[in-house]
Colleague: 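I'd like to ask some things about the structure below.
Just so it is clear: chains get the letters A, B, ... in the order the sequence lines come, proteins before strands, and each one is counted from 1. Quick caveat: nothing in here was measured; it's all calculated off a predicted structure.
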Amino acid sequence: KAGVTQTPRYLIKTRGQQVTLSCSPISGHRSVSWYQQTPGQGLQFLFEYFSETQRNKGNFPGRFSGRQFSNSRSEMNVSTLELGDSALYLCASKAGEYYEQYFGPGTRLTVT
Amino acid sequence: KQEVTQIPAALSVPEGENLVLNCSFTDSAIYNLQWFRQDPGKGLTSLLLIQSSQREQTSGRLNASLDKSSGRSTLYIAASQPGDSATYLCAVSARASGSRLTFGEGTQLTVNP
């Protein structure tokens, strides 16, 4: 069974631009969560989608948004990029409430 | 607000040593606790998941325990190997927050040959 995949793996953007990251969960997993990892703040929860609905949201500004498609694939979008948005963005999927979360390799975003 | 703390922040041991990593959390109303390892610049690899009703889980040389009442978990690594060198993270999922994981800062482990 294929693991969680994320594309692209690396991105370089300029301040003020927007970016879209993609995540394909493990087949059969309907829950997809997104996390931001930075050296200063560690791993922070962005949001979770389940069956195309946002089920939970972390403390990030409205510039961070996401969506989930009917095939459970998810995208997150960051608008008006800031230097502080440079981070490793990780996506995770799980099969159900009591199951473990599996993470993808991440997308390394650098904002210049 | 749930807070997760991991001690020590860094650990360096000789190959073959048994070691214990510690994780503590402030709110005992958790669904489960999960241990991960992260290699530099990579994603997270799930090691063990302990449900709130369980006391421990084992996988190979790894054993994780959970004491929900005291808000603590330990990850025991037996007969450490250089390939175990990585950052180990614990994360808890609270009842009220669904799949949201709250992570500790991690323990950076170096196993010297």
Colleague: Decide side-chain contact (heavy atoms from CB on, under 4.5 Å) for Phe36(B) and Leu43(A); before the verdict, give the C-alpha distance in whole Å, the side-chain angles of both, and the deciding distance to 0.1 Å.
Modeller: CA-CA 12 Å; Phe36(B) 297 90; Leu43(A) 273 151; over 6 Å; no
Colleague: Which bit of Tyr35(A) is near chain B, if near means a heavy-atom gap under 4.5 Å: side chain, backbone, both or neither?
Modeller: side chain
Colleague: With clusters defined by side-chain heavy atoms of hydrophobic residues (ILVMFWY) lying less than 4.5 Å apart, directly or transitively, does Tyr76(B) cluster with Leu62(B)?
Modeller: no
Colleague: For the residue pair Glu48(A) and Arg100(B), establish whether any side-chain heavy-atom pair is separated by less than 4.5 Å.
Modeller: no
Colleague: For Phe45(A) and Phe103(B), I'd like to know if the aromatic rings sit close, meaning centre-to-centre distance below 6.0 Å.
Modeller: no
Colleague: Just wondering, are more than 12 heavy atoms of other shown residues or ligands nearer than 6.0 Å to CZ in Arg63(A)?
Modeller: yes
Colleague: If we define contacts as heavy-atom pairs under 4.5 Å, which of Gln34(B), Glu105(B), Gln38(B) has the most with chain A?
Modeller: Gln34(B)
Colleague: Does any non-hydrogen side-chain atom of Tyr102(A) lie less than 4.5 Å from one of Leu44(B)?
Modeller: no
Colleague: Side-chain heavy atoms nearer than 4.5 Å, only ILVMFWY residues, links allowed to pass through others: does that put Leu21(B) and Ile50(B) together?
Modeller: yes
Colleague: Surrounding CZ of Arg72(B) (heavy atoms of other residues, nucleotides or ligands, distance under 6.0 Å), is the total greater than 12?
Modeller: no
Colleague: Between atom OG of Ser93(B) and atom NZ of Lys94(A), what is the distance when rounded to the nearest 0.5 Å?
Modeller: 5.0 Å
Colleague: With a 4.5 angstrom heavy-atom cut-off, is it the side chain or the backbone of Leu48(B) that approaches chain A, or both, or neither?
Modeller: neither
Colleague: Which answer fits Gln37(A), side chain, backbone, both or neither, if we ask what part of it has an atom under 4.5 Å from a heavy atom of chain B?
Modeller: side chain
Colleague: Please check if Phe50(A) and Met76(A) belong to a single hydrophobic cluster, counting links between Ile, Leu, Val, Met, Phe, Trp and Tyr side chain heavy atoms closer than 4.5 Å.
Modeller: no
Colleague: Mind checking whether Leu88(A) and Lys42(B) have side chains closer than 4.5 Å, heavy atoms only?
Modeller: no
Colleague: Is Val32(A) reachable from Val4(A) through a run of hydrophobic residues whose side-chain heavy atoms are each under 4.5 Å from the next?
Modeller: no
Colleague: Going from CZ on Phe103(A) to CG on Leu101(B), what distance comes out if it is rounded to the nearest 0.5 angstrom?
Modeller: 5.5 Å
Colleague: Is it the case that over 12 heavy atoms from other parts of the model lie below 6.0 angstrom from the OH atom of Tyr99(A)?
Modeller: no
Colleague: Is it true that atom CG of Asn71(A) has more than 12 heavy atoms of other residues, nucleotides or ligands lying nearer than 6.0 Å?
Modeller: yes
Colleague: Using a cut-off of under 4.5 Å for heavy-atom pairs, which of Arg9(A), Arg108(A), Glu100(A) has the most such pairs with chain B?
Modeller: Glu100(A)
